[in-house]
Amino acid sequence: MSDAASTTRVSDAVRRLLPALQDFNRFEGPDRAVPRSEWLALIDEPLPEHGVGPDDVLALLEEVVISRGLRVGHPGFTGWVTTAPTDIGVAADLAQTVSAAQRWWVQPGNHIDAMAVEWMLQLIGFPDSFVGQFTAGGSSANLIGLGAARQHAGEKLGMDAARDGVAGILRPAVYASEQAHHVVGRALGVLGFGRAAQRTVPLGGDGRVDVGALREMLGTDLSAGHTPVAIVGNAGDVNTGKVDDLAALADVAREHDVWFHVDGAYGGFGILDERVRSRYGDPAEYDSFAIDPHKWLAAPVGTGLVVCRDGDLLGRSFTIETGGYDRERETKAEGDPTSPWESTGQGTPDWGLDFSTPARGVAVWAILKEIGADGIRERVVRHNDCARLVARRAAAEPELEAMSEPELSIACFRYSVPDMTDAQLNDLNQDILGELRRRGQSLPSGTWIGEQFALRPCFINPRSGLEDAERLVDDVLEIGMSLTH
Ligand SMILES: *Cc1c(COP(=O)(O)O)cnc(C)c1O
C-alpha cells in the first residue's frame, strides 16, 4: 500500500515542531508586527501539482506559521476577547484530533465531551435538566440558541418552524440592546427572520439595556401585530463588559411567554466572581445561553458552548433526518459495546449544526481537570481586579480619565488634556494606541463610547495579571506625556 501522505510518523512530525512552539510561547521581548514581506514570499504559490513531502511542510509550519505568528498570548496583549490556549488545552486538542475526532461515535472522547458539557453546566450553575453542546464558537452558539427560540415561537402557533419554515410567524421581532454582538443579527438572517427583525433596545444611563424601554417596545409591537420571538440579554458586552439586568429581562420574557436567550460568549464566566454574581440573576431562568470556552477558559479557538433549557425542543429545532447509512446510531447500546461499530454515543447531532465534528469537549475537560473550578474562578477575579486597577488609576491620575466603571475585565479610559476638544482627544488617543502597538509591550484595543474614543484593555489571558495592568497605565501615561510636550 502506498499513499502520498505520511501516516506512520506522527510523533516525528510533532516532535519536529516542539522547539518552535516552546519558543513561541515564551513571548520574549516586545510583541512587534512581523512584516508581510518577511513571510509572504515563502508560502505564496498556486496549487502545487506535485507534493514536496512532509519534511518541507514541517519546515514551513515551523518557520512561517509558528515563528511569525501573532502573539495574542503575550502577557501584555489585552486587545481581544479571545486569547491563546494553555498548555493542557493544546495537548488535549492534539490528543482528540488523533484519537477521538468524531464526537458522536468515538469513545472515550464522546463520553468525555458529554462530561465536559455537564461540568460547564455545573460551573455556571444550571439545573440538571438543562442540556448543552459544544460548537465552533459564540457565533454558532448564539445561532443555535436563537434557533430554539424560532422553534418555540412556531410551536406556540401550532407550527414546526424547522420543518415548514418561518412564513407563518408573522412580523417576527427579536429584542436586543444596542450593545448586542453583531452575530445576533446575522443569526436572524440565517434563521429566515432577516436581520431587520432585530429590534434595537436603547441603553439606560447605567450602560445596560433599558428594561422600561423594552417593555414599551414589546407593548407597541404586540398591538401592531408583531410576533415577539426572543429577548436577548448581554452577559458582558464586548465594548465595556456590562451585564444587563438579566433577572428583570427574564421577568419580561416570562410575562409574554417569549424565549429568553443570554449571550455570555465573553462574560458568562463572570458569574464566578461574587462581586458581580447578582447581575446574572438565576441561570435557571434562561431559556438558552451561549458561552465561549475559547475566551476566559483559554481553550483552543474553535470551542463555544450552547446551553438550552429544553433538550427535546432543541432537538426539534435542528432535526436531521438521518440517512439509511447512519440509522444504526439510533439504537444506542447500554453498557459495554460488543463491537466497535455499535453506537454508544451520548448527545445528538440534532442539538446543533455539526455532523462530523471534533470532540471539542476533550480540551475543556482537560483544562477544568487541570485547574478546577477554583482555578478559573481565581482567574476571573484576578482579571476583574485588573480592570478595576486600570479604572482606579485612570480616575486618580490627572492626565487620565476613566470612561466606564468596570463590571468584568474590560476597562475603558483615555489620556486627557484640559482644553482639548473631544475631536482632539480622539486623535491623541488613537496616536497613543498606535505608539503602544509599535512598542509592543502593552497591547489594548480601542473602542468608541458615543463620540469619544477610548483605550480598551480586556483582561482574559491566563498569563496576565495586575503587573500587566499597571504597566499598561504607565505606558499610556508616558506616551501621552511625550506626545503632548
Ligand atoms: C466573542 C463573542 C461573540 C462571537 O463569538 P465567536 O466565538 O467569536 O464566534 C458573540 N457575542 C459575544 C458577547 C462575544 O464576546
Side-chain angles (χ1 to χ4, degrees), residues 70 72 77-85 89 93 120 124 132-147 149 174-191 195 198 200-201 203 207-209 230-244 246 249 260-271 276 279-280 283 286 288-307 352-354 357-358 360-361 363-364 380 383-384 387 404 406-410 412 445 447 456-461:
L70 179 68
V72 297
F77 189 100
T78 54
W80 297 347
V81 283
T82 49
T83 183
D93 206 34
M120 284 294 299
I124 304 302
Q133 169 109 282
F134 290 109
T135 69
S139 178
S140 45
N142 280 297
L143 171 63
I144 294 165
L146 291 167
V174 170
Y175 302 84
S177 95
E178 62 185 65
Q179 286 293 343
H181 198 284
H182 292 101
V183 297
V184 169
R186 181 176 60 183
L188 300 183
V190 174
L191 290 166
R195 290 196 303 280
Q198 185 172 339
T200 302
V201 188
L203 301 180
R208 289 170 235 291
V209 72
I231 294 170
V232 180
N234 256 330
D237 79 74
V238 296
N239 282 328
T240 65
K242 284 279 190 288
V243 181
D244 286 337
L246 298 176
L249 292 181
F260 181 39
H261 174 77
V262 174
D263 182 3
Y266 149 62
F269 291 98
I271 198 171
V276 291
R279 289 265 174 243
Y280 292 77
Y286 309 168
S288 56
F289 178 66
I291 186 168
D292 269 339
H294 70 206
K295 287 173 179 164
W296 235 328
L297 198 61
V301 168
T303 315
L305 176 73
V306 60
V307 176
L353 301 171
D354 297 324
T357 177
R360 298 184 164 97
V364 173
V380 167
H383 287 153
N384 289 351
S404 75
E407 187 147 270
L408 300 178
S409 66
I410 295 175
C412 294
S445 56
T447 190
R456 170 201 166 276
C458 173
F459 297 92
I460 196 111
N461 182 344

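When a ligand or atom number is given, it counts from 1 through the structure's own listing order.
Using the six-membered ring where Trp is involved, Phe289 and Tyr286 have ring planes that are tilted, between 30° and 60° apart. Classification of the Trp296-Phe269 ring pair by plane angle, with boundaries at 30° and 60°, yields perpendicular.
Under 4.0 Å from ligand 1, not a single heavy atom of Thr82 appears.
Remark: the Thr82 side chain and the His294 side chain contain no N/O donor-acceptor pair separated by less than 3.5 Å.
Screening Pro293, Pro358, Pro85 against Thr303 for a side-chain contact (heavy atoms from CB on, under 4.5 Å) leaves a single residue, Pro293.
Remark: Arg456 pairs with Ser445 by the side-chain hydrogen bond (donor to acceptor under 3.5 Å, both in side chains) rule, at least two apart or across chains.
Taken from OG in Ser404 to CG in Asn239, the straight-line distance is 9.5 Å, to the nearest 0.5 Å.
When only non-hydrogen protein atoms are considered, atom 13 (C) of ligand 1 lies nearest to Asp263 OD2, 3.3 Å. The protein atom (non-hydrogen) at minimum distance from atom 1 (C) of ligand 1 is Lys295 NZ, 1.4 Å.
When each atom of ligand 1 is checked for a heavy atom of Asp292 under 4.0 Å away, the hits are 1 (C), 5 (O), 6 (P), 7 (O). Residue-ligand proximity, Val183 to ligand 1, at heavy-atom distances under 4.0 Å covers atoms 10 (C). The Val238 neighbourhood of ligand 1 comprises atoms 13 (C), 14 (C), 15 (O), with distances under 4.0 Å to a heavy atom of that residue. Below 4.0 Å from some heavy atom of Ala265 lie the following atoms of ligand 1, by number and element: 2 (C), 3 (C), 10 (C), 11 (N), 12 (C), 14 (C), 15 (O).
For Asp237 (side chain) and Lys242 (main-chain N/O), a donor-acceptor pair under 3.5 Å exists by modelled atom type.
The shell of residues lying under 4.0 angstrom from ligand 1, judged by heavy atoms, excludes His182.
Remark: ligand 1 and Gly138 share an N or O pair separated by less than 3.5 Å (distance only, no angle test). For ligand 1, one of its N or O atoms has an N or O atom of Ser139 under 3.5 Å away.
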